[in-house]
Amino acid sequence: MAAIGLFYGSTSGVTEEIAERIREEIGEDICDLYSMADDYDDFEDLLNYEYLILGCSTWGAGEVQNDWREPLFDIEVEKPDFSGKTIALFGAGDCTGHGKHFVGALGTLHDQFKALGAKIVGAVSIEDYSFEQSTAIRDGKFVGLPLDEVNESDKTEQRIADWLEILKADFPALAA
Ligand SMILES: Cc1cc2nc3c(=O)[nH]c(=O)nc-3n(C[C@H](O)[C@H](O)[C@H](O)COP(=O)(O)O)c2cc1C
């Protein structure tokens, strides 16, 4: 088992492609990849890792991507202990077409895993983004990394690189 578990949910393949890019950047030897649709059984899969990267796009009006819905419901009911876990969040959204609910899924994941004891890391400045509203902001920052392949795909590569630098402070495997 690798040091980091990267779990993603993706409907049209955008977050999936980003997850694969992130894993490639990090190194496949230190990062296991799980599709929430195809590879995930239950929250024990998450609990196997001390270091987690969770990817979730936003659908509906600020809702989590479909493959995360049932897992998050189970987790809410069963309340497994995530204390001692370090979690970083990323996800695709659309800052113009859905700028009133921009990357809201990240806020949902943040609140749920934080309530179960996880340390959520990798907050990102809102300055580089144009949007109307987002429920993914805490203390003036996004709780994770928003990526917008609809309007700003040219910024994705640099945003990922900057974010992975930030994560080095909390993910020892990335700093090694
Ligand atoms: C019906 C629909 C609803 C959407 N709702 C939101 C939303 O509330 N917030 C947001 O930031 N993006 C929203 N989006 C944009 C998607 O998150 C975006 O297209 C993303 O790249 C999809 O990623 P995925 O293929 O990994 O699921 C929506 C897109 C569609 C088609």
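Only a predicted model underlies this, so the values are computations on that prediction, with no experimental measurement involved. Order of appearance sets the numbers: ligands from 1, and atoms from 1 within every ligand.
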Residues Q158, D162; criterion side chain to side chain donor-acceptor pair (under 3.5 Å); working and verdict
CA-CA 6 Å; Q158 191 61 50; D162 292 347; 2.9 Å; yes
Among all protein heavy atoms, pick the one closest to [atom] and tell me residue, atom and distance.
| atom | answer |
| --- | --- |
| atom 3 (C) of ligand 1 | H98 CE1, 3.3 Å |
| atom 25 (O) of ligand 1 | S12 OG, 2.5 Å |
| atom 22 (C) of ligand 1 | W59 CZ2, 3.7 Å |
| atom 8 (O) of ligand 1 | G62 N, 2.8 Å |
| atom 16 (C) of ligand 1 | T58 O, 3.5 Å |
| atom 12 (N) of ligand 1 | D94 N, 3.3 Å |
| atom 5 (N) of ligand 1 | G60 O, 3.1 Å |
| atom 19 (O) of ligand 1 | V150 CG2, 4.0 Å |

For residues F131 and F142, establish whether the separation of their ring centroids is below 6.0 Å.
yes
Measure centre to centre between the rings of F113 and F82, then say whether the value is under 6.0 Å.
yes
Near G93 (heavy-atom distance under 4.0 Å), the atoms of ligand 1 are 10 (C), 11 (O), 12 (N), 17 (O)
Atom indices of ligand 1 within 4.0 angstrom of V103 heavy atoms, with elements:
10 (C), 11 (O)
Side chain or backbone, does F102 bring an N or O within less than 3.5 Å of an N or O on ligand 1?
no
Parallel, tilted or perpendicular: which fits the ring planes of F102 and Y129, with parallel below 30° and perpendicular above 60°?
tilted
Mark yes when over 12 heavy atoms from residues, nucleotides or ligands other than K155 sit less than 6.0 Å from its NZ; otherwise mark no.
yes
R21, CZ atom: more than 12 neighbouring heavy atoms under 6.0 Å
yes
